[in-house]
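Whatever order the structure lists ligands and atoms in, that order sets their numbers, starting from 1.
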Amino acid sequence: MKLAINIDHIATLRNARGGRLPDPVDAALACERAGAVGIVCHLREDRRHIRDTDVERLRATIKTKLDLEMAATEEIIGIACRVKPDLVTLVPEHRMELTTEGGLDVVAERARLTTAVKKFHDHGIAVSLFIDPVPAQIHAARETGAEMMEIHTGEYADATSAGERAHQLQLIEDAARLGKTLGLGVNAGHGLDYHNIAAVARIPEIDEVSIGYAVIVRAVSVGLESAVRQMHGLIQSA
Ligand code: PXP
């Protein structure tokens with residue numbers, strides 16, 4: 001299983017003082033040196049962390065792949081089609097949320113998402129849909145023409161009892177298997193950390209995990225390269 005690192009919160013810290021440091025591009029290069037196979041950033045409508053120029057600089061600089069997380073709005077779709085990340089991951093976005101709160105409702109929004117997927121494909125950009133581990137959403141994701149899905153692992157990460165965690169893990173396993181059966185690439189992410197990663201890393205159908213917050217928090221203590229190496233090591237040894 002591969003590891004992609006979300007660097008949004010490097011930009012959160014940079015924006016706290018309105019200057020240039022820490023630089024998300026330097027952080028991305030450190031993640032790559034430490035074994036990340038992809039860099040993820042979320043260009044939110046309110047630009048609360050990553051900014052347009054960050055995405056452009058990342059596109060021009062990183063050596064692995066750039067995964068642009070985004071809502072399927074006209075403005076951000078336009079930016080993505082110009083900058084051409086390797087992958088866009090479409091997520092729902094609400095202004096007041098602290099972070100992405102759940103998966104897309106692809107069943108309800110199939111027509112709109114299908115149109116967006118086609119536009120990305122016309123620009124040579126692969127598409128992943130961030131969805132909850134629910135079979136109907138996975139079938140609908142397949143029907144949009146997207147080549148990948150990212151399973152929302154937030155409910156698993158937030159589980160407060162062993163029973164609930166095991167249940168959520170089972171849903172993720174089943175979702176990963178169904179996604180693969182339907183021919184989708186399978187990513188997973190949200191809320192994954194140094195304690196809960198091993199069980200997810202043992203699911204063979206998951207190609208890649210996308211992790212941000214836990215790694216950036218650990219980086220404060222041990223440095224970013226060490227934090228990424230530690231996470232990479234846990235995934236490999238699982
Ligand atoms: N995947 C998606 C679709 C997300 O929205 C986020 C959060 O930006 C992540 C993965 C990473 O989540 P975390 O920061 O909790 O590791």
Side-chain angles (χ1 to χ4, degrees), residues 1-13 15 24 27-28 31 36-51 54-55 58 65-73 76 80 85 87-106 113 126-134 137-138 141 146 148-159 168 172 175-176 179 184-198 200-201 206-220 224 227-228 230-232 234-235:
M1 185 179 295
K2 292 174 282 181
L3 171 64
I5 298 290
N6 179 314
I7 55 163
D8 290 349
H9 295 305
I10 299 291
T12 303
L13 191 56
N15 297 354
C31 293
V37 300
I39 301 299
V40 188
C41 66
H42 185 171
L43 186 66
R44 295 187 74 102
E45 195 189 357
D46 62 10
R47 309 299 200 273
R48 71 173 72 157
H49 36 55
I50 292 293
R51 296 173 179 155
D54 295 324
V55 183
L58 286 165
K65 65 181 183 340
L66 179 62
D67 175 357
L68 181 64
E69 239 184 72
M70 52 174 282
T73 63
I76 309 287
L87 178 71
V88 295
T89 297
L90 299 181
V91 300
E93 197 176 293
H94 309 291
R95 259 178 192 264
M96 299 307 286
E97 68 190 1
L98 290 177
T99 180
T100 314
E101 283 170 349
L104 289 163
D105 188 348
V106 191
L113 290 167
V127 184
S128 176
L129 301 183
F130 183 59
I131 54 176
D132 295 325
V134 172
Q137 297 295 347
I138 299 166
M148 308 189 72
M149 66 175 190
E150 180 177 331
I151 303 171
H152 176 223
T153 52
E155 301 286 330
Y156 160 74
D158 290 343
Q168 292 297 336
I172 294 169
L184 289 165
V186 179
N187 294 344
H190 211 279
L192 296 177
D193 63 23
Y194 294 83
H195 304 289
N196 64 26
I197 185 65
V200 172
I206 298 179
D207 301 307
E208 186 174 303
V209 284
S210 165
I211 306 182
Y213 188 72
V215 170
I216 305 305
V217 167
R218 183 160 294 209
V220 172
L224 186 53
V228 174
Q230 287 174 14
M231 182 58 81
H232 192 242
L234 288 174
I235 292 169

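- Close contacts of ligand 1 with E69, meaning ligand atoms under 4.0 Å from a residue heavy atom, involve 1 (N), 2 (C), 3 (C), 4 (C), 5 (O), 6 (C), 8 (O).
- Heavy atoms only, all atoms of each residue included: L43 and I76 are closest at O-CD1, 3.9 Å.
- Residues R47 and N15 have side chains that never bring a donor and an acceptor to within less than 3.5 angstrom of each other.
- Under the 4.0 angstrom criterion for non-hydrogen atoms, S210 is in contact with ligand 1.
- The aromatic rings of H190 and F130 lie tilted to each other, with the angle between the two planes from 30° to 60°.
- Close contacts of ligand 1 with N6, meaning ligand atoms under 4.0 Å from a residue heavy atom, involve 8 (O).
- Numbered from 1 in the order shown, with element, the atoms of ligand 1 that lie under 4.0 Å from a heavy atom of V91 read 3 (C).
- Nearest protein heavy-atom contact of atom 1 (N) of ligand 1 is E150 OE2, 2.5 Å.
- Shortest non-hydrogen contact noted between I235 and M1 is CG2-O, 3.5 Å.
- From the protein, the heavy atom lying nearest to atom 14 (O) of ligand 1 is Y213 N, 2.9 Å.
- More than 12 non-hydrogen atoms from other residues, nucleotides or ligands lie less than 6.0 angstrom from OH of Y194.
- Closest heavy-atom contact between M148 and L87: SD-CD1, 3.9 Å.
- Considering every non-hydrogen atom in both I206 and N187, the closest pair reads CG2-C, 4.3 Å.
- When only non-hydrogen protein atoms are considered, atom 16 (O) of ligand 1 lies nearest to G212 N, 2.8 Å.
- In terms of protein heavy atoms, atom 15 (O) of ligand 1 is closest to G191 N, 2.8 Å.
- Ligand 1 has H190 within reach: a non-hydrogen atom of the residue lies less than 4.0 Å from it.
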